[in-house]
Protein chains: 4
Amino acid sequence: MAKLQKSIDKRNALIKATIELVNNNGFHAAPMSKIAKMANVSPATIYLYFENKQDLVNKTYIEVKAKYTQYAFATYNDRLTVEEGFEAIWKRIADFKCKDSENAMFLAQCDNTPIIDETSRQEGIKHLQPLLDLWERGKSKGIIKPISNYILYAYTINPLSFLMMADKRNGFQLDKTHIEMAYQAAWDSIRVN
Amino acid sequence: MAKLQKSIDKRNALIKATIELVNNNGFHAAPMSKIAKMANVSPATIYLYFENKQDLVNKTYIEVKAKYTQYAFATYNDRLTVEEGFEAIWKRIADFKCKDSENAMFLAQCDNTPIIDETSRQEGIKHLQPLLDLWERGKSKGIIKPISNYILYAYTINPLSFLMMADKRNGFQLDKTHIEMAYQAAWDSIRVN
Amino acid sequence: MAKLQKSIDKRNALIKATIELVNNNGFHAAPMSKIAKMANVSPATIYLYFENKQDLVNKTYIEVKAKYTQYAFATYNDRLTVEEGFEAIWKRIADFKCKDSENAMFLAQCDNTPIIDETSRQEGIKHLQPLLDLWERGKSKGIIKPISNYILYAYTINPLSFLMMADKRNGFQLDKTHIEMAYQAAWDSIRVN
Amino acid sequence: MAKLQKSIDKRNALIKATIELVNNNGFHAAPMSKIAKMANVSPATIYLYFENKQDLVNKTYIEVKAKYTQYAFATYNDRLTVEEGFEAIWKRIADFKCKDSENAMFLAQCDNTPIIDETSRQEGIKHLQPLLDLWERGKSKGIIKPISNYILYAYTINPLSFLMMADKRNGFQLDKTHIEMAYQAAWDSIRVN
DNA sequence: CATGAATGAGTGTTCATTCAT
DNA sequence: AATGAATGAACACTCATTCAT
C-alpha cells in the first residue's frame, strides 16, 4: 500500500515536471535528464513508469486532457436547456484556462504539433462527447446552426486557447469582462439568430 | 550580381527546407544537417546566412508571416465597406490556408510554441495593421462589437488554423461549403447583432 | 529441505537462462534483468546465488564444462586400449556436441573470449585429466605422437567446436558420416603411423 | 589529397583501436567512447567513418580478415604441387598467427561469437577460395582425403587459433618446433596415407 | 563565398547492482 | 530467502556549431 502510493506520487511528479518544463521552454527543451531532476528521481526511474519519452509525453497529454474535460463537464447535465448547457460547459472551460493555466498552456502547446501521436490525440478527445451530443440536440431543435462540429468547436472553444496565450504572452487580460464578451462572440457564432 | 542572386537562392532554399522539415515531423525533427542536405548546401553554409538555428527559425517565421499577410491584404483597400473589407480579408486568409498549406501549417506549428522568440513574433504581427484599422472603423460605425482586437482575432481568424489542421489530420474537409459556413460564424461572432 | 530444494531449482533456472540467452544473441545481449525474467526470479535474487554477473558467468561455465567432461568420460575406463579409449572419448564428445548443442554452443562461445576469467577456465579444464593420461599412455607406448597435449587437443577435440558451429550457422551437416570422417582425421593427426 | 589522406589515417586509427580494445578485454569492454579516445578522436567522428558500432565491428573484421588471407596466399601459386601448396599456405597462416598476433587474436574472438553478422562473415571468407581450390585439386589427384572442406579446415587451419590462444593464455609456446609438429598433425589428418 | 570534416556537449536509454520491506 | 523499486554510471548515438582549406 505504502509502496504503491509512493509509486503514484513519483508518476505524478514526473508528469508534473514534464508539464512544467514543456511550458517553460517548449518540448525541445525538456530532456529526460531535466525531467528526472525536477521530479527528484533518477533518469532510469522514468523508464519504470513510462516506456520511453514519447510514451511519457503521450500519457501526460492524455492525463491533462482528462483533467480538462472532467473540469469542463463537472457542472453540466443533459436536463439543462441547450443554451444553459452550452454556457455551463463553455464557462467551465474558460475557467479552466484561467485558473489551471499550467495544464491549459501544456494542452495549447500540444495543439498544432506532431509531438503527440494520433492515437493519444483521439484518446484525449474521447471525453468531449457530451459537448458534441449537446450540439446535436441544439441542431435538431433549430437552436444551433446545422454545421460541422469541427466548425462549432473552432468558433467556440478553440478561441479560448488563443486568448489564454495572449494573456500569458502579450498585454491582453483574460478577465471577467473579456470572458463575458468572448462568450457572447462564441454563442453568436453558432446560434441560429 | 550573379553572386548575390545565387545567395538569395540559397537563402530561399534553406527557408523552404526548414518549413518542409518542420511540417513533416515537427521542430524536433529538423536538425541543421538535414536542413542543409535538403537545401543542397553544406551545414556550414547555413551560418553564412543565419546566425544560428534560433535565427534561422525566427527569420523563416517572419518571412512566412510576411507572405501570409501580403496575401491576406492583396485584394483589400480601405474604400470597401467594413463588411466587404472584412469578407475580402477573411476569404483571402481562408484561401491562403487552403492553397498554401505548406506555409499555413508552418505558421500553425509556431502558434502556441515558445520556439519563436517574442521579438520575431511581434515583427510577424506588424503587417496585420490594416485589419486592426478596419476593425476600429467597424467599431466606430457600430457595425462591429466594441471588444478587444484579441477577441476579434480569436473569433474570426484564429479558428481557420484549427480547421486547416482538422483538414490535414482528421476527416474534416475544408471545402467551399464549409468555408462559407465558417465565414458566417466568424462574421456573426463579431458583428453587432 | 524443501527450502534448499527450491534454492537449487532457482540456481539451475538461472544458469539455464544464462546459457539460453547467451546462445541466442551473445554475451552482450544477456543482461541480468533478462536472465532474471527468464528464470522467473527477481533481479535481486540473482545476487543471493551469485556474487555478481562475472561470477554467474564463471559458475555457469564451470557447471557446463563439468557436464561436458562427465559426458565425455562416461563410457571410458583405463582398461581400454589407447585407440579404443581415444575413440570412446572422442565419440562421446562428438555426441555431446550434437545432442546437447545448447551446452556445446555455450562452451564454444566461451572459447576464445576473455569473459571467463582464467581461474574458472583452469577449473573447467581440470576434469579433462583422464584424456591427458590416456595420451601419455599412448605416447609411452609409441602409439601416439610424442607432442604437446595442447597440440593433441587442438587437432582432435577442438575441431569439433568448429564443425558444430558450421552445422549451426552454415550449410554443413554434422551427421553420422561426417563424424566418422572427422574421427578418422583426428586419429590420423595424432597416431604414430 | 591531404584531406583524404588524413581521413584514411583516422579510419585506420579507429580500426586499430577497436582491435586493441577488443583484444584486451573482449567486445563487451570496447565502448565507442574508449575507441574514440584511443584513436584520438571525438566519439562523434566515428560516425563519419562508420554507420554505427555494428558496422565498425563488421568492417574491422572484414579488414583484418582481408589482411589475413592476403598474408596467407602471398607465397602461394597454383603451379606448386598440392603438398607444397598446402605447406606454403599453412605455414604462412601459422606465421601470421605468431607474428601478427594482434590481428590473429581479434579474428579468434570473432570466431564463435554472434557479434559479426552473417553477411560480413561470408564477405570475410570469400578470399579463402584458393585454399578450397587447392583442396579440390588434391582430392581429384587422390592426395587429399575426399571429405568436406569444412572438415579439412577444421583439422588443418582452425587448430592454429586454439594453439595461438594457448600460447597467449597458458604456458604453451607456439615456437618453431611446435609449429613443425602441428604442421605434421595437420597434414597427416587430411592426406591420403 | 562555400565547404566537408570535426567535435564537445548533450540526447534518450540501459545496465549491473542495491536496499527497504 | 526473496523481492520490486530504485539508481548512478555508462552506453550508443546526435546535435548545433566551428574551422582549416
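Order of the sequence lines sets the chain letters (A, B, ...), proteins ahead of strands, with each chain counted from 1. As the structure is a computational prediction, the values presented were derived from the model and not from experiment.
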(request) Would you kindly give the NE2-to-C1' distance between A/His28 and E/dG10, to the nearest whole Å? (result) 14 Å
(request) Could you work out which one of E/dA6, E/dT13, F/dG8 sits closest to the side chain of A/Asn52? (result) E/dT13
(message) Less than 4.0 angstrom between a side-chain N/O of D/Ser33 and OP1 or OP2 of F/dA12, yes or no?
(response) no
(request) For D/Lys37 and F/dC11, give me the distance from atom NZ to atom C1', rounded to whole Å. (result) 13 Å
(request) For the pair A/Tyr61 and A/Arg121, evaluate side chain to side chain contact (heavy atoms under 4.5 Å, CB included) and give the outcome as yes or no after the intermediate values. (result) CA-CA 8 Å; A/Tyr61 172 78; A/Arg121 202 158 239 130; 4.0 Å; yes
(message) Would you say that C/Cys110 contacts C/Phe27 through its side chain, given a criterion of any heavy-atom pair below 4.5 Å between the two side chains?
(response) yes
(request) Can you see which heavy atom on B/Ile35 is nearest to which on B/Ala17, and at what distance? (result) O-CB, 3.7 Å
(message) Does a side-chain N or O of C/Ser42 approach OP1 or OP2 of F/dA2 to a distance below 4.0 Å, or not?
(response) no
(message) One thing to verify: whether D/Glu63 and D/Lys67 come together as a salt bridge, which I'm taking to mean a side-chain N less than 4.0 angstrom from a carboxylate O.
(response) no
(request) To the nearest Å, give me how far apart CD1 (D/Ile46) and C1' (F/dC15) are. (result) 16 Å
(message) Expressed as a whole number of angstroms, how long is the span from C/Ile35:CD1 to E/dC15:C1'?
(response) 12 Å
(request) Would you indicate which nucleotide in F/dA6, F/dA16, E/dA16 comes nearest to any side-chain atom of B/Pro31? (result) F/dA16
(request) Rounded off to whole Å, could you give me the CG-to-P distance for the B/Asn40 and E/dC1 pair? (result) 20 Å
(message) Measuring only between side-chain heavy atoms, which start at C-beta, is B/Asp100 closer than 4.5 Å to B/Asn103?
(response) yes
(request) Classify the side-chain pair B/Asn58/B/Gln54 by whether it contains a donor and acceptor separated by less than 3.5 Å. (result) yes
(request) Measure the distance from OH on C/Tyr47 to P on E/dA20 and round it to the nearest whole Å. (result) 17 Å
(request) Check the distance between E/dT18's C1' and A/Leu48's CG and give it to me in whole angstrom. (result) 14 Å
(message) F/dA2, OP1 or OP2 - any side-chain N/O from C/Lys10 closer than 4.0 Å?
(response) yes
(message) Quick check: on DNA chain E, is the nucleotide nearest C/Ala30 upstream (toward 5') of the one nearest B/Val41, or the reverse? Name the residue that is more 5'.
(response) B/Val41
(message) Expected output check: what is the dot-bracket annotation of DNA chain F, where ( ) and [ ] are pairs inside the strand (brackets for crossing ones), | is paired with another strand, and pairs are Watson-Crick or G-U under 3.5 Å?
(response) .||||||||||||||||||||
(message) Can you work out whether C/Ala44 or D/Thr45 has the more 5'-proximal nearest nucleotide on DNA chain E?
(response) D/Thr45
(request) Specify the separation, in whole Å, of atom CG of C/Asp9 and atom P of F/dA1. (result) 16 Å
(message) Under the criterion salt bridge (charged side-chain N to carboxylate O under 4.0 Å, His left out), I'd like the reasoning laid out for C/Glu51 against C/Lys59: C-alpha separation, chi angles, the key distance, then a yes or no.
(response) CA-CA 10 Å; C/Glu51 278 177 48; C/Lys59 294 272 169 61; 5.5 Å; no
(request) For F/dA1, take OP1 and OP2 only and decide whether either is under 4.0 Å from a side-chain N or O of C/Tyr49. (result) no
